[in-house]
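Read the structure below first, then the notes.
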Amino acid sequence: MTIKLYNTRTRSKEDFDPIDRDDVRMYVCGPTVYDRAHLGNARPVVVFDVLYRLLRHTYGADHVTYVRNFTDVDDKINKRAAESGREIGEITAETTQWFLDDMAALGALEPDHMPRATQYIPQMITMIGDLIEKGFAYSVRTESNDPPEEYVIADREALLGEHALFEVERFERYGELSGQSTDEMIAGARGETAPGKRSPMDFVLWKPSTPDLPGWDSPWGRGRPGWHIECSAMSKALLGDTFDIHGGGRDLMFPHHENEIAQSCCANGTDEMARYWMHNEMLQVEGKKMSKSLGNFFTVRDLLEGNWSGGWKVPGEVIRFVLLSTHYRKPMDWTEKKAGDARRTLQKWYDLTDGVEPDPQGWWAIRNPLQNDLDTSGALQKMHELARDDIRLPSRLPELRYAMEWMGFPFEAGNTPPKHFRRYSSSSENEGYTVNLSWTGTMESKDQQRLSELGHRLFNTRRVAIETKDFTEVDLIKSTLDDAGVEVRVSKDKVELEPGPGFDPSKLESLK
Ligand SMILES: [Zn+2]
């Protein structure tokens with residue numbers, strides 16, 4: 001069976017047939033680096049990471065090239081620099097590293113190439129020059145004494161240079177990918193102002209920079225590229241005029257991807273930029289659009305560090321699991337419940353497969369769903385089946401272990417689960433009873449000590465309460481532990497305490 005992928009361009013699921021089986025090529029639009037990646041930014045990274053793994057598995061790791069760019073020249077970055085008083089280069093370098101760290105925490109493999117837009121300015125200038133020469137683009141000089149009204153850049157010095165614009169009318173197939181009407185496209189293109197546009201749909205290839213903004217010398221004066229040209233120039237440089245797969249979030253379909261196609265096909269004289277266009281759907285939080293104004297906005301780092309409504313530190317593996325539990329073409333809803341369920345499932349799988357040798361037969365369990373338009377939720381379903389313990393059948397845990405590694409849920413050197421899922425325990429004995437403490441992941445030793453002390457106090461208070469029939473303090477200790485996220489079990493010779501993932505030691509402070 002071959003891989004089937006849904007192609008936005010043809011609106012159908014197609015057999016994937018690479019241009020060159022020895023060099024399968026994929027380009028995915030990457031982030032603009034001025035801030036931490038939010039959860040929505042992580043979705044394409046994780047989705048296309050699984051596709052990358054599937055292509056490497058199918059064609060061989062040395063026969064796949066995956067490119068994902070960093071947009072490090074953009075007005076949002078310039079704005080952030082102006083507001084913060086920091087250097088642009090400092091902001092982009094810092095944000096790029098944040099992105100790499102956060103995506104590594106989600107188990108995403110690094111692409112083969114991660115070009116920065118600023119490294120490909122000469123290639124962009126060449127491509128824009130080609131487009132003008134071939135009649136698909138034009139440049140407009142605006143005299144500083146005659147600024148058109150719609151031109152809103154505050155600093156009028158900008159008008160001393162030239163804009164280069166792509167003339168959309170010259171490219172017949174414009175709009176085919178997104179399937180939008182001309183009216184819709186005009187409305188969508190409205191955000192981008194530039195003087196001297198022949199049509200409102202024409203888009204910026206190059207724009208002049210004021211002295212305080214990043215700029216490069218070009219045939220149109222000192223300026224900087226429009227957003228779209230970088231992907232056309234970088235994919236051409238690294239993958240060639242036509243390549244296999246182009247991916248990104250659904251929000252990039254128009255205008256970004258339409259513009260990329262127009263630029264690349266017209267400059268390269270090709271019929272297609274990429275054969276298969278893949279778009280992941282958007283992300284919501286508890287059924288609502290994620291937005292700063294709704295207070296449900298969080299970054300990947302917020303989740304990793306516990307700064308979100310759930311309040312607990314979400315391991316990267318759990319974020320990955322939740323992202324993959326919905327098919328990439330469906331809207332994805334992040335909920336606290338899903339995160340908790342994913343945490344428990346992964347803990348169970350890691351417990352079951354701790355020290356188990358992986359069996360490559362596990363591939364056959366997840367193969368069908370993955371080859372069927374990257375049905376990652378179907379693959380996770382199959383893994384649930386492998387985890388089902390049926391003593392009448394041979395164990396399928398070695399297959400589960402293989403499938404986990406394949407899907408990007410790692411094990412560490414020495415065959416053990418990663419740190420957030422490793423189990424630890426300690427116990428201390430006293431006159432005929434024991435206090436057992438067990439937990440997963442990391443816990444500070446002062447918290448271990450505090451819990452152990454409370455375990456002893458609980459046992460002794462209870463021993464006295466059985467005589468006096470006054471259980472007030474016993475109940476107080478139990479309910480405080482419960483509030484702090486600690487499971488408590490008490491028997492006649494034992495106290496067992498198990499802090500969960502949401503364990504909050506600060507809530508124990510009320511117990512003096
Ligand atoms: Zn792009």
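Everything numeric in this text was worked out from a predicted model, so none of it was measured. Remember, it's 1-based here, ligands and their atoms both numbered in the order they're listed.
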Positive for ring-ring contact (aromatic ring centres under 6.0 Å, His included) with Tyr276, one of Tyr27, Phe16, Tyr6: Phe16
So how many protein N, O or S atoms does the Zn ion (ligand 1) have within less than 2.8 Å? 4
Using the salt bridge (charged side-chain N to carboxylate O under 4.0 Å, His left out) rule, collect all pairs that involve residues 230-240, keeping only residues at least two apart or in two chains. Lys236-Asp241
Is it true that the side chains of Ser139 and Glu162 contain a donor and an acceptor less than 3.5 Å apart? yes
By the side chain to side chain donor-acceptor pair (under 3.5 Å) test, which pairs, at least two apart or in different chains, include something from residues 127-136? none
Just say parallel, tilted or perpendicular for the rings of Tyr174 and Phe171, cut-offs at 30° and 60°. perpendicular
Which residue pairs satisfy the salt bridge (charged side-chain N to carboxylate O under 4.0 Å, His left out) criterion with at least one member in residues 50-62, sequence neighbours excluded? Asp49-Arg53
